[in-house]
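When reading the values below, keep in mind they use all heavy atoms of this one structure, side chains included, and skip hydrogens, waters and symmetry mates. We name chains A, B, ... by the order of the sequence lines, and we start the count at 1 in each one.
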There are 2 protein chains.
Amino acid sequence: MALFSYMKDFIHVYSNNFCGAKHAFTLRSGPKSGTIGQPFENDPSLTMTSIKDVALHAGVSVATVSRALGNGPVSAALRERVEAAIAATGYHPNLSARRLRSQHTRTVGLVVSDIRNPFFTAVSRAVEEAAYQADMRVILCNTDENPEREALYLRLMQEERVSGMIYAPTSTMSNRLPANGFGFPTVLIDRCPEDCSYDAVVLDNHEAASQLVQHLLAQGYRHIGGLFGNTSTTGAQRHAGFAETLAAAGLPAPTRFIAPRTEAAESATRDWLVSGQHPQALLASNGQILAGMVRALRNLRTQIPHELAVVGFDNEPWTELVGPGLTVIEQPVDEIGQTAMDLLFERMKTPTRPARRIVLQGRCIVRGSSITR
Amino acid sequence: MALFSYMKDFIHVYSNNFCGAKHAFTLRSGPKSGTIGQPFENDPSLTMTSIKDVALHAGVSVATVSRALGNGPVSAALRERVEAAIAATGYHPNLSARRLRSQHTRTVGLVVSDIRNPFFTAVSRAVEEAAYQADMRVILCNTDENPEREALYLRLMQEERVSGMIYAPTSTMSNRLPANGFGFPTVLIDRCPEDCSYDAVVLDNHEAASQLVQHLLAQGYRHIGGLFGNTSTTGAQRHAGFAETLAAAGLPAPTRFIAPRTEAAESATRDWLVSGQHPQALLASNGQILAGMVRALRNLRTQIPHELAVVGFDNEPWTELVGPGLTVIEQPVDEIGQTAMDLLFERMKTPTRPARRIVLQGRCIVRGSSITR
DNA sequence: CTGAAAGCGCTTACAG
DNA sequence: CTGAAAGCGCTTACAG
C-alpha cells in the first residue's frame, strides 16, 4: 500500500520534473552500444531520481540527504524535510553507487552445485533468511556441477566484490582451492577436502553412511550395495563409511559411482538388477540418486523391501510417501545454512582466526523400506 | 585451471605491489562505521586491484584498458600488453563501478512467491539459463507469499536498477500493481489479473483444471471435490475451471480454499475425510497441496484410487513414484521461463509496445490415481 | 548539526 | 588507435 503510492509518485515525478537540467553529460547509449545481438536497455538515467533531486527538493545539501538516509546526525527538522522530499520524488538510492563509494557490498555469494537438489534449495532458504536478518543480500549461483560455469561464477564473485561466499565446490575445484583463499571470507558447505584450510560446515558423512549400513545389518541384510555420487568429496566420504562398516562385518561392499542425477541412478540401478546377482539392499548417497533408484525398481516391479531394501540420504517430503516409506538420513539443513553464515560473520570480524570445520550429525529416520518383518 | 592460476596471481600481487601510492583518500571504515550490531567487512580497497593498476602495469591509459576489456578499438599490440597486465595483476573489473558509469546493470530481477515450490525452482533454472545466454545476471528473490517481504524486494529491484523483472505477485499485490508499471520492463509469470496491463506468461489454468475434471467425469466419478490455493489468481482460475466444468455436468463443486502449503493441505484433507461425507475424487491446485493431500490419505490409510481418486497440478518427479502414480497437469516450465525472458527483451527493445499476454497449455498426464478399473 | 569538496572505479564523448 | 578529462550517484573526512 505504502509501496503502491510510492510507485505512483515515482512515475509521476518521472514524467514531470527533474529531467531537464541535470544531464549536462549525456550518454550515447542506444541499440548499437551494447554487445552485438544483445537487447539494449532503457536509459535509466532519464527515469531515475538521484540524491541531488531530493536535496534540491528539500533545500538541503546532498550530504544531509545521505546522512538522513543512513541514520547520520541530522536535526529533526531537516530529517523531516528530507523524508518529505524522498516521498515526493519517489527516490530510491542507487546501490551501485553506494557500494562503489562505501567499499562494501553487504552481499554474500552462495555458490551451489545443483539447485534442483532439494538439499541445496533448503540450505539456500536458510542462508537467505540469515542474510535478511543481517541486512545483507545473497547472490545465488548454480554451477550445475559444471567446472566452466563454476569458474564463471567464481569470477563473478570477484567482480561483485562480495563480502563473503558460501560455497559447495565441484570435485574438480575441490582439489584446486587456492591455498590463500579467494580474497574474501569463504565458507565451504556440504563438501570439503579432508586437509583443507577453509572454514566449513559439513555433515558427518562417514558416520551417517555407517549408521545406514548398521541398521541394514541389524535387520539381517548381508548383501548390501551402494550407489554414490562421483562429483564431490561427500560421495566419497559416504562411500568410505559404507565400505568400512561392511568390511568390519567381514562383508563385501559392491559399489557403483555415478553422476548424482536421477537419470543416471535409474539406469545404473536397472543395469545392476537385471545383471542377475544383485544385492538384497541398496544405499543411495543422495536424494536424486534415491529417486532414480526407486523409479527403476518401480519399472522393474521390484517390491520394496521384500525383494530389495532401500535406504538413502536426504529426508525430502516425498520419501515418506513412496511405497512403505523410505529410510533416510535427514540433514540439518537450516542449521547448516545458519552456521555457514555465522562462520562467515566471524571470519569477517577476525580474518586471521584459524579455519574452523564444523561437523554436524545426521539423523537416521527408519521407515518401511528397510524393514522386512 | 586457468582460474586457479588466476587466483594465485591475484593473491600474489595483493601481497606485493600496487598497495602503496594509490590511496591518497582513505576511508575511516572499521567496526564502528556499519550499522550497530552488524559485522563489518574487510576493506576491499586494500586488497583489490583497479583498472588504474592495470594501466600502470601495461604502460597505457585507463581508457585503453577499458577498451581492451570491452572489445573497443585497440591495436593488437596494446591489447596484448593489457591482457598480460591483467593476468599479472589478477585484475577483476568492479561491477558496481561499471554499472554506475554505464547506466545499465545487465541484471534481471526474478521475484517468486515460494522457492520451495518446485514449479518456481524449475522456472528459475530456465530464466537463469536464458539470462546466462544473454550475458545477464539474475537476482532471485523469494517473497514467501509475504507482502512485507515482497515490498522489500520490489524496493530492492528499484535500488539495484534492474534492467527488468520477472515477477509472480502475491494476491495482495495483484490488485495493486502500479498502473504505469514499476519504471522498468516487467513480465508477470504464473499469476496475472484478468484485466492487467502487464506482459505476462501464464498457464491456461481454466482449461487445465477443466481437463482434470473431464477426465474424472469420464472415469465415472460424480462426487468431485477440490483444494485450491488462496494466495493467487492462479488458484482462483483453476477453481473456476473446476467449478464450471462440474456445473456444466449438473454437479456440485465442493471446494476449500487454503494456504498453498503442504501442512495446510494435509490438515484440510484430513478434516474433510473424517467429516464423513467426503467426495470420491479430489483435485489439488498445486504440487504442495497435492503432497499434503497424499500424506493425509496415507495417514488415514485411504486407498488411492479405490477409496479416493486424486488428481492435481505439477508433474514433479515424485508424483510418478507415489502409490499408483498421480494424475497431474504438467506445466511447460522451461517454456515459461524462456518466454518470460523473451518478452522482457522485446519490451526493452520496444517500450511502447502494447502488453502481451501469452497463455500456455498444460499437459494432462494420466496415471493410476484416477483410474479405478 | 551542516555543506562544499573529494573521490570510489569505471566508461565514453572529445580531441588528437 | 590513443589519452586526458568528465562524470555516473553516492559517502565521508574536513571545516565551520
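If you check dC10(D), dG9(C), dT12(C) against the side chain of Gln103(A), the one that comes closest is dG9(C).
Atom CG of Asp53(A) and atom P of dC8(D) are 11 Å apart (whole Å). Taking atom CD1 on Ile51(B) and atom P on dG7(C), their separation rounds to 19 Å, with Å as the unit. Between the CG atom of Leu95(A) and the C1' atom of dG9(D) there is a distance of 11 Å, rounded to whole Å. Atom P of nucleotide dT11(D) and atom CZ of Arg106(A) are separated by 13 Å, given to the nearest angstrom. Rounded to whole Å, the distance from CG on Leu100(B) to P on dC10(C) is 12 Å. What separates CG of Asn94(A) from C1' of dT11(D) is a distance of 13 Å, to the nearest Å. One can place CZ of Arg101(A) at 13 Å from P of dC10(D), the figure rounded to the nearest angstrom. Protein atom NE2 of His104(B) is 12 Å distant from nucleotide atom C1' of dT12(C), rounded to whole Å.
Between the Ser66(A) side chain and the Val62(A) main chain, no donor and acceptor come within less than 3.5 Å of each other. Side chain of Arg106(B) to backbone of Ala134(B): a donor-acceptor contact under 3.5 angstrom is found. The backbone N or O of Asn146(A) sits nowhere less than 3.5 Å from a side-chain atom of Asp144(A) that would complete a donor-acceptor pair. Side-chain atoms of Thr186(A) come within 3.5 Å of backbone atoms of Phe184(A) as a donor-acceptor pair (strictly under, hydrogens ignored). A donor-acceptor pair is defined here as one N or O able to donate and one able to accept, closer than 3.5 Å; no such pair exists between the side chain of Asp199(A) and the backbone of Ala355(A). Of the possible polar contacts, one joining the Thr107(A) side chain to the Thr105(A) backbone as a donor-acceptor pair under 3.5 Å is found.
Partner Leu95(A) forms a side chain to side chain contact (heavy atoms under 4.5 Å, CB included) with one of Gln158(B), Glu159(B), Arg161(B) and no other, that one being Glu159(B).
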Legend entry - For DNA chain D, the dot-bracket pattern of Watson-Crick and G-U pairs whose distances stay under 3.5 Å, | for other-strand partners: |||.||||||||.|||
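At least one cation-pi condition fails for Arg137(A) and Tyr132(A): the charged atom is not both under 6.0 angstrom from the six-membered ring centre and inside a 45 degree cone around its axis.
Taking the C1' atom of each, dG16(C) and dT12(C) are spaced 16 Å apart, rounded to whole Å.
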Inset, instruction - Run the numbers on Glu150(B) and Arg155(B) for salt bridge (charged side-chain N to carboxylate O under 4.0 Å, His left out), then give the verdict. - result: CA-CA 9 Å; Glu150(B) 185 175 34; Arg155(B) 210 180 317 125; over 6 Å; no
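When the side-chain nitrogen and oxygen atoms of Ser66(B) are compared with OP1 and OP2 of dT11(C), one or more of them lie within a distance under 4.0 Å.
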Under 3.5 Å, N/O pairs linking protein and nucleotides 1-5 of chain C:
unit_1	atom_1	unit_2	atom_2	d
dT2(C)	OP1	Ser75(A)	OG	2.6
dT2(C)	OP2	Ser75(A)	N	2.7
dT2(C)	OP2	Ser75(A)	OG	3.1
dG3(C)	OP2	Ser61(A)	N	3.3
dG3(C)	OP2	Ser61(A)	OG	3.1
dG3(C)	OP2	Thr64(A)	OG1	2.4
dG3(C)	N7	Arg67(A)	NH1	3.3
dG3(C)	N7	Arg67(A)	NH2	3.4
dG3(C)	O6	Arg67(A)	NH2	2.5

